[in-house]
Amino acid sequence: MDYDPQAIEPHWRERWAEAGIYEAEPDRAPEDGTETTTDEAEKTFITVPYPYPNGGMHIGHARTYTVPDVYARYRRLQGDSVLFPLAWHITGTPIIGAVERLNSGEEDQLSILRDTYDVPEDTLQDLETPMGFARYFIEEHYKENMRALGLSIDWRREFTTNDERYSKFVSWQYETLHDRDLLEKGYQPVNYCTNEEQPVTAHDLLEGEDAEFQDYTLIEFGWEDAGSGGETASEGVVVPMATLRPETVRGVTNAYIDPGADYVLADVDSERWLVSRAAAEKLKLQQREVDVLEEFTGKRLVGERVENPVTGENVLVLPARFVDADNATGVVMSVPAHSPDDWIALQEAKADAEHMEEFGIDPAEVREIEPRAIIDVEGFGEFPAQDAIEQRGIESSDDPRLEEATQDVYNREFHAGALSDAYGQYAGEVVADVRDDLRTTYREQGAFDAMHEFTEEVICRCGGSVEVSIQETWFLRYNDAEWRTRAKEAISGMEAIPENTREQYYHTVDWLEEWPCIRNYGLGTKLPWDPDFIIEPLSDSTIYMAYYTIAHRLDDIPPEDLDHDFFDALFYGAEAVENPDERALALGEEWDFWYPVDFRCSATDLIPNHLTFFLYHHAELFEQSHWPQGITGMGMGLLEGSAMSSSKGHVVLPSDAIAEYGADTVRFFLLNSSEPWQDFDWRSERVGDTRRQLERFWNRAAELIDEVEANAATDTEADDDGDTNASDAEVEIDGEIDNESEDGRSGLDHTDRWLLSKLGETIEEATEAMERFETRAASQAIFFRFEDHLRWYRRRADLDRPAARWTLQEVLETRLRLLAPFVPFLANELHERLTGTPAEEARWPDPESTPRNERIELEERLVSRLTDDVRDIVEVTGTDPEVVRVYVAAEWKRAVFEQVLEAGPDPDVGGVMSEVMADPELRERGDAVNELANSLIEVVRGQEADREATTDIDERATYERAGGFLEREFDAEIEIYPEEEAVDPADRASSAEPLRPAIHIE
RNA sequence: GCGAGGGUGGCCGAGCCAGGUCAAAGGCGGCGGGCUUAAGACCCGCUCACGUAGGUGUUCAUGCGUUCGAAUCGCAUCCCUCGCACCA
């Protein structure tokens, strides 16, 4: 009966599927009311984020779903009704994107599907639609693997987020939030592909994935267009200069335009603007009313004067090739005192009289332009730009160090620069403190405007240029003060595992502003009052755990009946609506039974969004008693030390791992190699080790079970007083295991009791660890740490006694139940062979049933320490002893020890001494007592010693009982003496202390 | 840059919140021994240094500090991981 997971695991998968034992039903109290609720139904509702099947499942996902499974199995053993459901998240664009990439024949995508996820060639065509794609991975990957892993999921409740009934539920949620004024209409910048003419996600970008939105301030310089004729000439024209440093408006000395680029005169909203042609297009995308009137090159503005809207000064527009007409408005202002670029450009313009003349500009006019200082910053003189350039020895605009000089000046001026007196109310203020305020003020006065622009060029996968567009949207008002308060209450009321994640939740609530909760396209639920929009994926998945509680019962209800009132009645009760639907009320009871969510297991990455949203929405929509009780953070997975990557094929599929090692090994590795919130590293060598450990366990257990069976017809009689020797008498009985059990139980000796005490300790540790989701700590205790105890026991105990067999059997049975959540296949199989029923039909072991025995544990510690000490001496001296003499401390020493123990964990030396010296017999010994007391105080200090157990101990008897064992260990004669009557050739007996015998080897 | 978390012996990782039983669990690796024809598996012991008596010395990123006592508490420094939004 070798360990062969491939032989036993399929059997259990079938049994679980057929029996439907994980299909959870509310455990209702009797309805007639006769029985009081003494045995109130306990429940556990545990969830994990539903998978997003835009690709296959790998080993990292396997842990994500196995951790809650272990907890679910644990709570079931504790007697709870446990609900562990799962569904499929397919909302949004990733699946659509994946399908598009497949359909356009992208090599990368084909490789991921074919090579990484083993999609058969003739199946690829099924993946050409979003639902087909999702279905494939749901059925062939996720469900298949989850079943193989033995996840105890209630599959009746599965759904996808694109289902009609689910959408009804989400609609109810958003209508409710809308009614409560927690949704707000607004505008937001988005990536917009000018080729496809629609918004695109960061995922759709070919170039510029790191680009950020930048808010340019447009300073509305005025231009009297005297030069041109026609109807457009009469009005004042606005030339909006784009800048990121609006506070420099008083330092402007001139402006630049690209004479060769295309510009337009256009009506923008209510004003007439001169901007680059590209800018006009961008402004259209940014919710501006743009009407282009005339097109020309930048040359038209060169040599003109434009008026600074803040100072009223007229400044000259110079030609410059470095102006990028494709960035912002294509017209820039020049602040040479504070911009190294501008400083150099002005120098070069002054020097190049010829070029100026070509554009009809009087070089003398250019030479008259003087820099104007408007910001004071320590470490620079009047003109920071000049200093920054000269410090670096920069002489031309081609110098690469110009960039660095610019950054230097910008940073220092921003953080430490004080505005000059000309700024009135802002005079003397630091730029960083007042920039926003200054911008707003001038904007309100109409001097400034604004536009968005990327920090770098952005290209769509389709090849089109991506621009910043301002789109109408709906926001969730996560910055609403009351909502925030409730969210924080939800955080403080829940269990955060590990506790050190709690801070991040609070921080996220404070940091969240408004969240745009809709998209223009993708799968999902339409915004109920504006079906052009889809509720985006992070926003449609905040309270869906409630949906699990009823999902399998909704199939009988036509979707059109699932209106707003239906869910109101379901969640808020009969009083909430006029004519409550009976079906909704019935479902409400079910919901009420399972809610709240007891634990949600989810990646710690999701704290800043999903997990906090989850808390927000529960805090708003449900009453406090239904708020989440706990969240367990989960770490990520590595593969052979580096991050997994499906596009590089650097993943392991659960199906492959299960085929190679068996599901139990996969589970045990994932749960035992690190705690859930820590990162784990799938190293095949380590997994192989884990498999061997399980094999060893299996072999041991199988051996024991065989023995039990072999002994079923035979029994030995042990004497009743329970100690030591097994008797010789053998009695034939009728083959009931129980008979031997009863006999064995009555014959327990101290080694058996010790092992059982350790078993009790293990149960305590495992239970506490499981309550805290510490799967590693729990399995370490149950599996590895207990193996250690067993090793000691096998050395120590006489295993041929019935009591030893009984003990080992008891231990095995208990450990199998403790292991059942972790390795359900192996544990159930062995438990059934041993007892006739699977482990999961038993109960989680109760520490009360195998209580600790402090005294026996302490005695055993003494024996083990004595063994170590003797071994140590043998090793250091390099001798092979014939005789080992053990001297137990004299009676008077024991008396001193008891006094020390009396004094508690922090004994006061003086106090102890006076107590001790009160005894005339001890006083006689004077210094020896003093020394001993001091030494013992050192030993005892700070320790929570079990005084009773310690004083109860009979050291001599303990060592004598271990005599046979010690003789075997050292192949020597063992002699035990009380100090007072010692045979003591080397004069060692006197150094004996209580709990610390003296030793002599010879 | 901002926010959260972390740095433990050859490796992985407990311990730290509630300071003493911590030379510091457990696993892996390594060394020695047993079993075996042999290898593997399994079992036992060792695995910071020194030591012919159970001991001593020096360690828990670095440096200060609090304390009778610090891997554990406080401060500073260095380094690492994650998150920074409209996206799963």
Side-chain angles (χ1 to χ4, degrees), chain A residues 49 51-52 54 89-95 97 188-191 199 201-203 212-213 411 415 471 473 475-476 478 498-508 510-519 522 536-539 541 603-610 633 635-636 641 672-675 677-681 683 685-686 688-690 692-693 695-696 699-700 774 776-777 779-781 783-788 791 794-795 861 865-879 905-906 938-945 969 986 988 991 996-1001:
Chain A
Y52 201 101
N54 62 332
H89 200 195
I90 60 174
T91 315
T93 55
I95 289 175
Q188 64 153 340
V190 299
N191 299 333
T201 67
H203 217 81
E212 286 171 34
F213 296 134
N411 280 334
H415 293 291
Q471 297 275 317
T473 191
F475 291 97
L476 280 162
Y478 288 136
E499 181 59 36
N500 64 17
T501 53
R502 191 185 301 277
E503 195 51 38
Q504 253 200 81
Y505 289 101
Y506 284 121
H507 186 262
T508 301
D510 285 330
W511 165 80
L512 274 172
E513 294 295 332
E514 299 183 307
W515 182 268
C517 61
I518 55 167
R519 297 199 55 90
E536 63 87 35
L538 280 173
S539 299
S541 55
T604 45
D605 293 12
L606 297 183
I607 293 174
N609 46 55
H610 167 254
M636 0 177 279
N672 182 63
S673 63
S674 58
E675 299 293 4
W677 47 90
Q678 299 172 324
D679 294 351
F680 73 95
D681 187 1
R683 291 184 186 261
E685 229 179 287
R686 292 289 91 79
D689 292 336
T690 303
R692 268 194 297 285
Q693 302 277 12
E695 228 166 72
R696 186 168 62 174
N699 291 338
R700 271 266 156 66
E774 291 169 0
R776 178 173 202 269
S779 58
Q780 286 273 334
F783 199 80
F784 294 104
R785 207 112 40 89
F786 203 85
E787 277 303 315
D788 262 12
R791 258 198 287 278
R794 282 190 213 103
R795 274 165 78 185
R861 260 202 304 280
R865 191 160 71 174
L866 178 60
T867 315
D868 286 348
D869 281 351
V870 173
R871 190 183 307 285
D872 206 4
I873 296 168
V874 167
E875 230 163 70
V876 174
T877 58
T879 49
D906 192 13
E938 271 317 297
V939 172
V940 170
R941 190 192 291 282
Q943 292 185 24
E944 285 295 328
E969 284 287 305
R988 299 211 178 264
S991 58
R996 200 81 212 276
I999 301 164
H1000 175 233
I1001 67 172

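- Residues passing the side chain to side chain contact (heavy atoms under 4.5 Å, CB included) test with A:Leu866, sequence neighbours excluded: A:Val870, A:Val886, A:Tyr959, A:Leu966, A:Pro997, A:Ile999.
- One can place NE2 of A:His1000 at 14 Å from P of B:G54, the figure rounded to the nearest angstrom.
- Residue A:Thr877 places its side chain closer to B:A53 than to any other of B:A85, B:A53, B:C87.
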Tabulated below should be each protein N or O lying under 3.5 Å from an N or O of nucleotides 27-31 of chain B; please produce it.
unit_1: B:G27; atom_1: O3'; unit_2: A:Gln693; atom_2: NE2; d: 3.0
unit_1: B:C28; atom_1: OP1; unit_2: A:Gln693; atom_2: NE2; d: 2.7
unit_1: B:C28; atom_1: O2'; unit_2: A:Arg686; atom_2: NH2; d: 2.5

Item to complete: Go through the steps to decide whether A:Leu476 and A:Ser539 satisfy the test side-chain contact (heavy atoms from CB on, under 4.5 Å), and finish with yes or no.
Response: CA-CA 9 Å; A:Leu476 280 162; A:Ser539 299; 3.9 Å; yes

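- Across the P atoms, B:G6 and B:G13 are found 15 Å apart, a figure rounded to whole Å.
- Distance noted for atom C1' between B:G27 and B:U66: 37 Å (whole Å).
- Ranked by how close their nearest RNA chain B nucleotide is to the 5' end, A:Leu606 and A:Arg794 are led by A:Arg794.
- Among the heavy atoms of the strands, none lies under 4.0 Å from A:Pro498.
- Here, B:C11 and B:C48 have their C1' atoms 16 Å apart, quoted to the whole Å.
- Counting any heavy atom pair closer than 4.0 Å across all strands shown, A:His610 reaches no nucleic acid atom.
- In this structure, the separation between CD1 on A:Ile95 and NE2 on A:His89 is 9.0 Å, given to the nearest 0.5 Å.
- Of the candidates B:C82, B:A85, B:G13, B:A85 carries the atom nearest the A:Leu512 side chain, counting heavy atoms from C-beta on.
- Of the side-chain N and O atoms in A:Arg795, one or more sit less than 4.0 angstrom from OP1 or OP2 of B:G45.
- For A:Asp689, the side chain to side chain donor-acceptor pair (under 3.5 Å) partners two or more places apart in sequence, or in a different chain, are A:Arg686, A:Arg692.
- Nearest to the side chain of A:Glu503, among B:G5, B:G51, B:A85, sits B:G5.
- Only the P atoms considered, B:U8 is 25 Å distant from B:G3, to the nearest whole Å.
- Remark: the A:Asp869 side chain and the B:G54 base include a donor-acceptor N/O pair separated by less than 3.5 Å.
- Among the atoms of the strands shown, none is found under 4.0 Å from any heavy atom of A:Ala986.
- Among the atoms of the strands shown, none is found under 4.0 Å from any heavy atom of A:Arg861.
- Across all strands shown, the partner of B:C75 is B:G63, judged by Watson-Crick or G-U wobble contacts whose two distances both fall under 3.5 Å.
- Among the atoms of the strands shown, base atoms are found under 4.0 Å from some heavy atom of A:Ile1001.
- Dashed line: the shortest gap from a side-chain N or O of A:Asn500 to OP1 or OP2 of B:G6 is under 4.0 Å.
- Using a 4.5 Å heavy-atom cutoff, the side chains of A:Trp677 and A:Thr501 are not in contact.
- Nearest nucleotide to the A:Arg871 side chain, out of B:G51, B:C86, B:G45: B:G45.
- With sequence neighbours left out, the ring pair (Phe, Tyr, Trp, His ring centres under 6.0 Å) criterion links A:Phe680 to no other residue.
- Spacing of C1' atoms, B:A39 relative to B:G20, comes out at 49 Å, to the nearest Å.
- If you check B:G5 for Watson-Crick or wobble pairing at under 3.5 angstrom, you find it paired to B:C80.
- Taking the side chain of A:Gln504 as heavy atoms from C-beta on, and the options B:A4, B:C82, B:U52, the nearest nucleotide is B:A4.
- The pairing partner recorded for B:A70 is none, the criterion being a Watson-Crick or G-U wobble arrangement whose two distances lie under 3.5 angstrom.
- Considering only side-chain N and O atoms, A:Thr93 lies under 4.0 angstrom from the phosphate OP1 or OP2 of B:A88.
- Panel note: side chain A:Asp679, backbone A:Met636; a donor-acceptor pair is recorded below 3.5 Å.
- With sequence neighbours left out, A:Asp681 forms a side chain to side chain contact (heavy atoms under 4.5 Å, CB included) with A:Leu638, A:Arg683.
- Rounded to whole Å, the distance from CD on A:Gln678 to C1' on B:C82 is 14 Å.
- Each of A:Trp511 and A:His507 lies near RNA chain B, and the nucleotide nearest A:His507 is the one positioned closer to the 5' end.
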Filtered N/O pairs between nucleotides 70-73 of chain B and protein, under 3.5 Å:
none

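- Considering CD of A:Gln188 and CZ of A:Phe475, their distance stands at 5.0 Å, rounded to 0.5 Å.
- Separating the P atom of B:G15 from that of B:A76 is a span of 26 Å, rounded to the nearest Å.
- On the C1' atoms, B:G19 is 8 Å away from B:G69, given to the nearest whole Å.
- For B:C46, the paired base is B:G30 (Watson-Crick or G-U wobble, both distances below 3.5 Å).
- The side-chain heavy atoms of A:Trp515 and A:Thr473, taken from C-beta on, include no pair separated by under 4.5 Å.
- When Watson-Crick and G-U wobble pairs are counted only if both distances are under 3.5 Å, B:G19 pairs with no nucleotide at all.
- For A:Arg996 and B:A53, the shortest distance from a side-chain N or O to OP1 or OP2 is not below 4.0 Å.
- Residue-environment remark: CD (A:Glu685) stays at or below the threshold of 12 foreign heavy atoms within 6.0 Å.
- Nucleotides B:U47 and B:G55, compared at atom P, are 13 Å apart to the nearest Å.
- The side chain of A:Trp515 approaches B:A85 more closely than any other nucleotide in the set B:A14, B:G51, B:A85.
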Discussion item. Run the side-chain contact (heavy atoms from CB on, under 4.5 Å) test on A:Arg795 and A:Thr867 for me, step by step, so that the C-alpha distance in whole Å, both residues' side-chain angles and the decisive distance to 0.1 Å come before the verdict.
Written reply: CA-CA 12 Å; A:Arg795 274 165 78 185; A:Thr867 315; 4.3 Å; yes

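- As a whole-Å value, the separation of A:Glu774 CD from B:C17 C1' is 12 Å.
- No engagement by A:Ile607 is indicated, since no non-hydrogen atom pair under 4.0 Å with the nucleic acid exists.
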